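Accompanying notes for the structure given below.
As the structure is a computational prediction, the values presented were derived from the model and not from experiment.
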Amino acid sequence: MNWLRNFMMGRYGLDQMTVGLLVGMMVFSLLSSLTWFLPFYFISLALMVWAVFRVLSRNTAARARENEKFLVFWNQVKKWWNGVRQWFGKQKRKWDDRKTHVYFRCPNCKKELRVPKGKGKLEVTCPLCRSKFIKKT
């Protein structure tokens, strides 16, 4: 194991971007094997070469800058994905409540309000802007 430690001394090693490249390589390799689409194979090969280059690189400052840029991008992707998950969660809740509740939008501030179904005409007060309006449930 000393030879490996000596070999890797001064080299960059693994980071989040390299792991992302390796995951991408595995995805494209799987797609290549399932579809027999040759460009997927070359993309997976290029990602593997890039990951190995990053691990063995001695220019640690440049690799750290690349990793910081990747993390900024990855945090934006995670933020977008969480928004998508919240939207789907809200749609699921609406679907589950469709027999017991009705959803309205406040005509003043456009906030979505949840009101019990089957209560006739109700005077609804928006909790955000305090405007009142009448809706049939």
Before you tell me yes or no, could you show the steps for Phe53 and Arg63 under side-chain contact (heavy atoms from CB on, under 4.5 Å), namely the whole-Å CA-CA distance, both residues' side-chain angles and the distance that decides it to 0.1 Å? CA-CA 10 Å; Phe53 167 76; Arg63 302 296 84 80; 3.8 Å; yes
Measure the spacing between OG1 of Thr18 and CG of Leu22 and express it to the nearest 0.5 Å. 7.0 Å
Tell me the closest heavy-atom pair linking Lys136 and Phe104, and the distance in Å. O-CZ, 3.5 Å
Taking Phe28 as the starting point, is it possible to reach Leu34 by hopping between hydrophobic residues whose side chains are less than 4.5 Å apart? no
Decide yes or no for Lys132 and Glu123: does some side-chain heavy atom of the first lie under 4.5 Å from some side-chain heavy atom of the second? yes
Under a 4.5 Å cut-off applied to non-hydrogen side-chain atoms, are Trp81 and Gln86 in contact? no
Tell me if a side-chain donor or acceptor on Thr125 pairs with a main-chain N or O of Arg130 at a distance below 3.5 Å. no
Side-chain contact test, heavy atoms from C-beta onward, threshold under 4.5 Å: evaluate it for Val124 versus Ile134 and give yes or no. no
Using the rule that Ile, Leu, Val, Met, Phe, Trp and Tyr join whenever any side-chain heavy atoms are under 4.5 Å apart, tell me whether Leu30 and Leu45 fall into a single cluster. no
Report yes or no: do Leu113 and Leu128 belong to one cluster of Ile/Leu/Val/Met/Phe/Trp/Tyr joined by side chain heavy-atom distances under 4.5 Å? no
Are Lys78 and Trp74 close enough that some pair of their side-chain heavy atoms sits under 4.5 Å apart? yes
Membership question, hydrophobic clusters at under 4.5 Å side-chain separation (ILVMFWY): are Met25 and Trp36 in the same one? no
Thr35 vs Phe40 side-chain heavy atoms within contact, under 4.5 Å: yes
Minimum-distance pair of heavy atoms, taken over all atoms of Thr137 and Pro116: CB-O, 3.3 Å
Would a distance-only check, ignoring hydrogens and angles, find a side-chain to backbone donor-acceptor pair under 3.5 Å from Asn75 to Leu71? yes
Note, Met8 side chain near Val55 side chain (heavy atom, < 4.5 Å): yes
Please tell me if the side chains of Phe133 and Asn108 come closer than 4.5 Å, counting only heavy atoms from C-beta onward. no
Search all heavy atoms of Leu47 against all heavy atoms of Gly24 and return the closest pair with its distance. CD1-C, 3.6 Å
Stacked cation flag Arg5 on Phe7, 6.0 angstrom / 45 deg: no
Group every Ile, Leu, Val, Met, Phe, Trp and Tyr by side-chain heavy-atom contacts under 4.5 Å, then state whether Val49 and Tyr41 land in the same group. no
Heavy-atom closest pair, residues Met17 and Asn67: N-OD1, 3.1 Å
What's the separation between atom OG in Ser32 and atom CD1 in Ile43, rounded to the nearest 0.5 Å? 9.5 Å
Atom pair SG/CZ of Cys126 and Arg105 - distance to nearest 0.5 Å: 11.0 Å
For the residue pair Arg93 and Arg114, what are the closest heavy atoms and their distance? NH2-NH1, 3.1 Å
Whether over 12 other heavy atoms sit under 6.0 Å from Phe70 CZ: yes
Say whether Tyr103 and Asp97, considering side chains only, have a donor N or O and an acceptor N or O under 3.5 Å apart. yes
Going by an N to O cut-off under 4.0 Å, is there a salt bridge joining Arg54 and Glu66? yes
Should Lys69 and Val72 be marked as a side-chain contact (heavy atoms from CB on, under 4.5 Å) after you check the CA-CA gap, both sets of side-chain angles, and the distance that decides it? CA-CA 5 Å; Lys69 288 179 185 176; Val72 167; 5.7 Å; no
Does the distance from a Lys or Arg side-chain N to an Asp or Glu carboxylate O, for Lys94 and Glu112, drop under 4.0 Å? yes
Distance col, row Trp95:CH2 vs Phe88:CZ, nearest 0.5 angstrom, shows 14.5 Å
Smallest heavy-atom separation, Cys129 atom then Cys106 atom, equals SG-SG, 3.6 Å
pair Lys111-Pro127: side-chain heavy atoms closer than 4.5 Å: yes
Closer than 3.5 angstrom, by distance alone: can the side chain of Ser57 be matched with the main-chain N or O of Tyr12 as a donor-acceptor pair? no
